[in-house]
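Below: one structure, written as structure tokens.
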Amino acid sequence: MIGMVLAAGAGRRLRPYTDTLPKALVPVVENADGATTVLDIALGNFAEVGLTDVVIVVGYRAGAVEERQAGLEERYGVSITLVHNDKAEEWNNAYSMWLARDHFSKGVLMVNGDTVHPVSVEKTLLANRGPDILLAVDDVKTLADEEMKIILDDAGHLKTITKLMDPSTANGEYIGATLIEPAAAEPLADALKATWERNPDLYYEDGYQEHVNRGGRIGVAPIGDIEWVEVDDHDDLEKARRIAKGY
């Protein structure tokens, strides 16, 4: 199994940091060895659970990741393969994830390049392997309109995943971390392709919905009462800086 990070996004709401850096390289913690970024936290989590082969999908300001690649490999003891998204500033991340489809057959633990969470999330996913696709879900947090919300069917599998849902009807929030078993590689790639071809502005979570609509099964793994944050704007970044100090 390998680690994967979707890190092609521009993160315009995090300017001026993202004038020159992709969202995943925004500094979260300043220390004597330099800044710890969202990508640093992701790679450190992978290394801690023994995932030393990592694929990073890059796009916006990809050169900044390329410049740091050797240093990140040495620091975390990982081997990094970069997948380039030439439409990162035009299309949404369903296309980004699809570009990495050739790696799905290895088994993948994929995380968003803008989510700061403790390594307990990766450990939870790995401890609950079974479904071909397994989503990390926060079923504790109070939800609002912006979150990627889920509804489960009677068997506890994913039925619906979307932001466009009454929060009171949701069973929780998908936090941007997924375990993909090799058996899901081809059907997931096909669902993602159908999604971005239908509308390139769709999320990869819309690809998960397409997979479910086609009869695929997606499980969920609750992460418990932990602090995490999706870093979309400067308020989120301040929260990330506070909680990352405890990792």
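- Looking at every heavy atom in both residues, Thr162 comes nearest to Leu164 through OG1-N, 3.0 Å.
- Both Ile133 and Met148 are members of a single hydrophobic cluster when ILVMFWY side chains are connected at heavy-atom separations under 4.5 Å.
- Nearest heavy-atom pair, Val49 versus Lys123, reported as atom, atom and distance to 0.1 Å: CG1-CG, 3.7 Å.
- Both Tyr76 and Leu126 are assigned to one and the same hydrophobic cluster, defined by single-linkage of ILVMFWY side chains at heavy-atom distances under 4.5 Å.
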(request) Take Phe104 and Met4 through the side-chain contact (heavy atoms from CB on, under 4.5 Å) test and state the conclusion after the steps. (result) CA-CA 10 Å; Phe104 292 172; Met4 182 178 291; 4.2 Å; yes
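- Without hydrogens or angle criteria, Lys23 side chain to Val231 main chain gives a donor-acceptor distance under 3.5 Å.
- The pair Glu181-Arg129 meets the salt-bridge criterion, since a charged nitrogen lies less than 4.0 angstrom from a carboxylate oxygen.
- Residue Leu21 comes nearest to Leu25 through the heavy atom pair CD1-O, 3.6 Å, listed as atom of the first residue, atom of the second, then distance.
- Taking every heavy atom of both residues into account, Val54 and Leu43 meet most closely at CG1-CD2, 3.8 Å.
- In this structure the side chain of His84 reaches within 4.5 angstrom of the side chain of Leu82, judged on heavy atoms.
- The nearest pair of heavy atoms linking Val111 to Ala42 is CG2-CB, 4.1 Å.
- Contact check on Glu173 versus Lys149 returns no salt bridge, with no Lys/Arg side-chain nitrogen under 4.0 Å from an Asp/Glu carboxylate oxygen.
- For the residue pair Asp166/Thr169, the side-chain donor-acceptor check at 3.5 Å is not satisfied.
- Side-chain contact between Phe46 and Thr52 is absent, with no heavy-atom pair separated by less than 4.5 Å.
- For the pair Leu158 and Leu135, the minimum side-chain heavy-atom distance is below 4.5 Å.
- Rounding to the nearest 0.5 angstrom, the gap separating the CG atom in Asp139 from the CG atom in Asp225 is 9.5 Å.
- Using a 3.5 Å distance cut-off with no hydrogens or angles, the side chains of Tyr208 and Thr178 do pair a donor with an acceptor.
- Within 6.0 Å of atom NZ in Lys193, 12 or fewer heavy atoms from other residues, nucleotides or ligands are found, so the atom counts as exposed in its surroundings.
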(message) Before you tell me yes or no, could you show the steps for Leu72 and Leu39 under side-chain contact (heavy atoms from CB on, under 4.5 Å), namely the whole-Å CA-CA distance, both residues' side-chain angles and the distance that decides it to 0.1 Å?
(response) CA-CA 9 Å; Leu72 291 168; Leu39 183 57; 3.8 Å; yes
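- Checked by atom type and distance alone, the side chain of Asn93 never pairs as donor or acceptor with a backbone atom of Ser96 at under 3.5 Å.
- In this structure, CZ on Arg12 lies 13.0 Å from CG on Asp232, to the nearest 0.5 angstrom.
- Counted by atom type alone, Tyr60 and Asn85 present zero donor-acceptor pairs between their side chains at under 3.5 Å.
- Between Ile218 and His211 the shortest side-chain heavy-atom distance falls below 4.5 Å.
- Side-chain atoms of Arg61 come within 3.5 Å of backbone N or O of Asp19 as a donor-acceptor pair.
- His117 and Glu227 are not linked by any side-chain donor-acceptor pair at a separation below 3.5 angstrom, with hydrogens and angles left out of the test.
- Residue Glu205 holds its CD atom at 6.5 Å from CG of Asn112, rounded to the nearest 0.5 Å.
- Following chains of ILVMFWY side-chain contacts shorter than 4.5 Å, one can reach Leu6 starting from Tyr95, so the two form part of one hydrophobic cluster.
- Contact check on Asp40 versus Arg75 returns a salt bridge, with a Lys/Arg side-chain nitrogen under 4.0 Å from an Asp/Glu carboxylate oxygen.
- Between Leu134 atom CG and Leu125 atom CG the span is 5.0 Å, to the nearest 0.5 Å.
- Note on Met110: it does not cluster hydrophobically with Ile56, by side-chain heavy-atom contacts below 4.5 Å among ILVMFWY residues.
- Atom CG of residue Leu179 and atom OG1 of residue Thr124 lie 11.5 Å apart, to the nearest 0.5 angstrom.
- A salt bridge links Glu210 with Arg214; the closest basic N to acidic carboxylate O contact falls under 4.0 Å.
- If you check the side chains of Trp91 and Asp201, you find no donor sitting under 3.5 Å from an acceptor.
- Under a cut-off of 6.0 angstrom, the local environment of CD in Glu186 is sparse, with at most 12 non-hydrogen atoms contributed by other residues, nucleotides or ligands.
- Shown here is Lys159, whose NZ atom has no more than 12 heavy atoms of other residues, nucleotides or ligands within 6.0 Å.
- A side-chain donor-acceptor contact under 3.5 Å links Arg101 to the backbone of Trp98.
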(request) Using the side-chain contact (heavy atoms from CB on, under 4.5 Å) rule, take Val220 and Tyr174 through it: C-alpha gap first, then chi angles, then the decisive distance, then the call. (result) CA-CA 9 Å; Val220 302; Tyr174 167 62; over 6 Å; no
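- Between Gly207 and Leu192 the shortest heavy-atom distance is CA-CD2, 4.0 Å.
- Taking CD of Glu197 as the reference point, atom CG of Leu202 lies at 12.0 Å (rounded to 0.5 Å).
- With hydrophobic clusters built from ILVMFWY side chains whose heavy atoms lie under 4.5 angstrom apart, Val119 does not share a cluster with Ile41.
- A 4.5 Å side-chain heavy-atom check between Ile2 and Leu109 finds every atom pair outside the cut-off.
- Ile226 places a side-chain heavy atom less than 4.5 Å from the side chain of Pro118.
- Here the side chain of Asp138 pairs a donor or acceptor atom with the backbone of Val140 at under 3.5 angstrom.
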(request) Applying side-chain contact (heavy atoms from CB on, under 4.5 Å), run through Ile180 and Asp132 and close with a yes or a no. (result) CA-CA 6 Å; Ile180 303 164; Asp132 287 346; over 6 Å; no
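- Residues Leu188 and Met97 have side chains in contact (heavy-atom distance under 4.5 Å, counting atoms from C-beta outward).
- Using a 4.5 Å heavy-atom cutoff, the side chains of Val26 and Leu237 are in contact.
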